[in-house]
Amino acid sequence: MSRLDAYFRETAAGLRRNGVVAFAAISTAFIALFLFGLALLIARQFDLVIDAWTENAQVAIYLEDPVKAETVGRLMDKLQSLPAVADVTFQDKDAACARFHEVFRNQPELTENVDCATTIPASLRVQLVDPARYQEIAAALGCAPNADSEIVCTEPGIAKVNDNRRLLDLLTAITRVLSIGVLSVALIMLVSAVFLIANTLRMGMFARRKEIGIMRLVGATNWRIRVPFLIEGLVESLLGAAAAIFTLFLLKVVFIDRLRGQTFLPLIGNDDVLVIAPWVLVAGVGVALIAGTIGIRRFLDV
Amino acid sequence: MASGTVLETSFPDPHTTAPMISLQRVTKVYRNGVTALEDVDLEIQKGEFVFVVGPSGSGKSTLIRLLLKEEEATKGKVYVAGKNLARITSWKVPHLRRNIGTVFQDYKLLADKTVFENVAFALEVIGKSKHVIDQRVPEILEYVGLGDKLNHYPDELSGGEQQRVSIARACVNRPLVLLADEPTGNLDPNTSVDIMRLLDKVNKIGTTVVMATHDQAIVDAMRKRVVELDDGRVVRDQSRGVYS
């Protein structure tokens with residue numbers, strides 16, 4: 001107990017002594033972890049949109065109401081026999097409804113006012129072996145765009161077909177570019193954060209070299225000497241992480257919550273910020289550990 | 001004054017007949033090619049008081065650094081408390097040092113800590129409990145004659161008093177050996193005598209004391225064993241000796 005106490009007193013003293021430098025390290029950790037969290041949130045927002053618009057199926061075949069078991073069986077058999085089809089799954093109205101509620105979980109005003117039992121039809125969702133082979137399905141089911149650009153089929157039981165290939169590709173590409181872009185900037189900032197924190201630790205060790213010398217002389221172990229510095233790095237990094245999570249939450253309130261009720265796009269909510277928060281913290285701990293290893297390396301010798 | 005049991009070592013040497021410190025044909029050559037010690041043989045028994053004398057650069061400090069395993073002997077063997085220092089792994093070195101107290105010319109006190117805190121620091125960083133600290137620190141400070149200055153800061157003390165604090169810190173963990181490197185180097189003759197009385201007192205209760213110095217008056221007055229180094233070699237080893 002007294003040992004823990006001593007560690008924390010030394011850490012607090014170190015942060016105070018190192019004020020400006022520690023602040024620089026904390027800010028960099030904050031920016032880095034904020035961008036990291038932002039990339040994760042962007043990916044989640046786009047996943048929701050992709051889910052809502054395409055249900056992650058390259059081709060969605062909506063069935064006529066009421067759905068007959070015979071129709072489902074016949075269409076499934078027909079599709080599965082096609083070499084172009086990698087996978088077919090049937091989503092009944094309950095599942096479609098549940099999915100709608102899940103995707104729009106953060107917009108109760110939407111889910112409460114839409115009776116999904118009447119508006120969302122059952123569907124067959126098709127993954128293609130190769131997106132370019134869509135025409136093989138269209139031919140087998142006799143599908144073609146009508147005057148309103150809706151794809152209708154001669155095969156009985158089908159209400160309409162959504163060809164999501166292009167949309168899916170586009171959205172996936174945008175998501176990838178955005179999150180990889182932000183993640184790379186985050187990575188550069190994370191590396192800077194590592195070196196800035198390592199530098200504060202090194203400066204702290206230099207400022208306390210007399211104390212460290214005495215600790216060595218009286219027989220303190222290496223870990224006893226190093227742990228306060230490791231804690232200091234961890235505290236700096238976690239302060240940055242906490243600020244980053246708080247800012248991400250603010251960002252969600254300012255930009256996302258304002259759209260609520262004004263759009264039919266599914267929106268991320270508090271739960272999404274909560275889901276990414278642990279990852280931001282884990283990244284923060286990682287930064288601290290690497291910074292600690294680099295920062296105290298020079299003091300490894302007895 | 002507190003009773004003599006204060007400084008009794010908690011690690012009695014099991015080999016009572018073996019020397020406390022033993023150097024066997026020790027040579028130390030630094031990386032820059034300077035030979036600091038050459039073919040040194042030296043045995044110091046438990047409870048001895050030994051002066052190591054010689055001009056600057058004669059190897060006194062290197063000898064002390066070898067005993068603390070701050071440096072390794074290039075050739076030969078160094079034993080402290082029966083242990084071959086070459087065989088002590090780096091993570092065991094702190095445990096070696098807990099058996100060795102050290103005192104330096106510049107006291108090495110922390111200016112932002114009080115007398116009590118400076119001594120307590122030595123126990124705190126080796127994981128002693130608050131209970132042990134609260135018991136031993138006032139006891140040892142009483143022993144060195146600073147029982148009334150617990151809450152003073154080093155810059156409020158005279159040089160002699162600061163050196164007493166540093167001796168208290170070196171002894172608070174009851175070491176087997178006390179290494180003193182020019183402990184009177186910054187003190188006037190009268191204060192030096194007081195410090196020597198204190199070191200003698202520490203020695204009388206069983207602590208082996210090795211003191212590097214070139215304070216001729218003190219060596220001559222104490223009439224203890226004198227080991228003289230010159231250019232890294234032992235040129236004289238005399239019991240009840242004088243400086244030169």
Side-chain angles (χ1 to χ4, degrees), chain A residues 1-22 200-235 289 292-302, chain B residues 11 64-65 67-72 85 88-104 106-113 117-134 154 165-166 168-181:
Chain A
M1 201 54 226
S2 76
R3 195 179 297 198
L4 265 186
D5 203 48
Y7 283 151
F8 282 105
R9 254 186 292 120
E10 280 171 47
T11 302
L15 283 174
R16 245 180 291 120
R17 192 169 352 205
N18 251 328
V20 178
V21 194
T200 40
L201 300 190
R202 206 167 277 189
M203 288 183 70
M205 289 197 133
F206 184 74
R208 276 175 272 176
R209 62 194 182 283
K210 192 172 175 187
E211 249 170 282
I212 291 174
I214 293 168
M215 286 165 100
R216 292 231 168 97
L217 274 178
V218 301
T221 59
N222 271 336
W223 281 111
R224 177 60 187 80
I225 295 170
R226 281 184 234 154
V227 162
F229 294 98
L230 292 177
I231 296 178
E232 186 180 322
L234 195 63
V235 167
L289 286 182
T293 316
I294 296 173
I296 63 177
R297 197 172 41 190
R298 209 153 61 86
F299 289 83
L300 288 188
D301 308 329
V302 184
Chain B
F11 300 93
I64 284 178
R65 293 174 66 79
L67 295 176
L68 286 167
K69 211 184 168 178
E70 284 187 339
E71 297 287 347
E72 302 243 13
L85 296 199
I88 294 183
T89 50
S90 62
W91 66 86
K92 288 275 192 188
V93 169
H95 297 276
L96 164 77
R97 292 183 187 160
R98 289 177 195 187
N99 285 328
I100 303 174
T102 41
V103 176
F104 294 92
D106 58 356
Y107 324 130
K108 295 196 191 296
L109 299 179
L110 297 170
D112 58 345
K113 290 190 192 297
E117 288 164 349
N118 263 286
V119 179
F121 184 66
L123 290 178
E124 202 176 280
V125 300
I126 59 170
K128 295 284 188 226
S129 70
K130 193 173 178 305
H131 173 76
V132 171
I133 291 171
D134 285 344
V165 177
S166 120
R169 183 180 62 197
C171 294
V172 71
N173 196 34
R174 304 167 186 179
L176 296 166
V177 180
L178 183 66
L179 300 179
D181 193 357

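Just so it is clear: chains get the letters A, B, ... in the order the sequence lines come, proteins before strands, and each one is counted from 1. What's counted below: heavy atoms across the whole structure, side chains too, no hydrogens, waters or symmetry copies. Only a predicted model underlies this, so the values are computations on that prediction, with no experimental measurement involved.
- Chosen from B:L110, B:I133, B:L96, the residue pairing most often with chain A at heavy-atom distances under 4.5 Å is B:L110.
- Atom CD1 of residue A:I214 and atom CZ of residue B:R169 lie 4.5 Å apart, to the nearest 0.5 angstrom.
- In this structure, CZ on B:R97 lies 13.0 Å from CE on A:M215, to the nearest 0.5 angstrom.
- Counting all heavy atoms, side chain and backbone alike, A:V218 lies closest to B:R98 at O-CG, 3.6 Å.
- Residues A:A220 and B:V125 approach most closely at CB-O, 3.5 Å, considering heavy atoms.
- For the residue pair A:K210 and B:L109, the shortest heavy atom distance occurs at NZ-O, 2.7 Å.
- A:L217 places a side-chain heavy atom less than 4.5 Å from the side chain of B:E70.
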**Q.** Pair B:V93-A:R216, side chain to side chain contact (heavy atoms under 4.5 Å, CB included): steps then yes or no
**A.** CA-CA 9 Å; B:V93 169; A:R216 292 231 168 97; over 6 Å; no
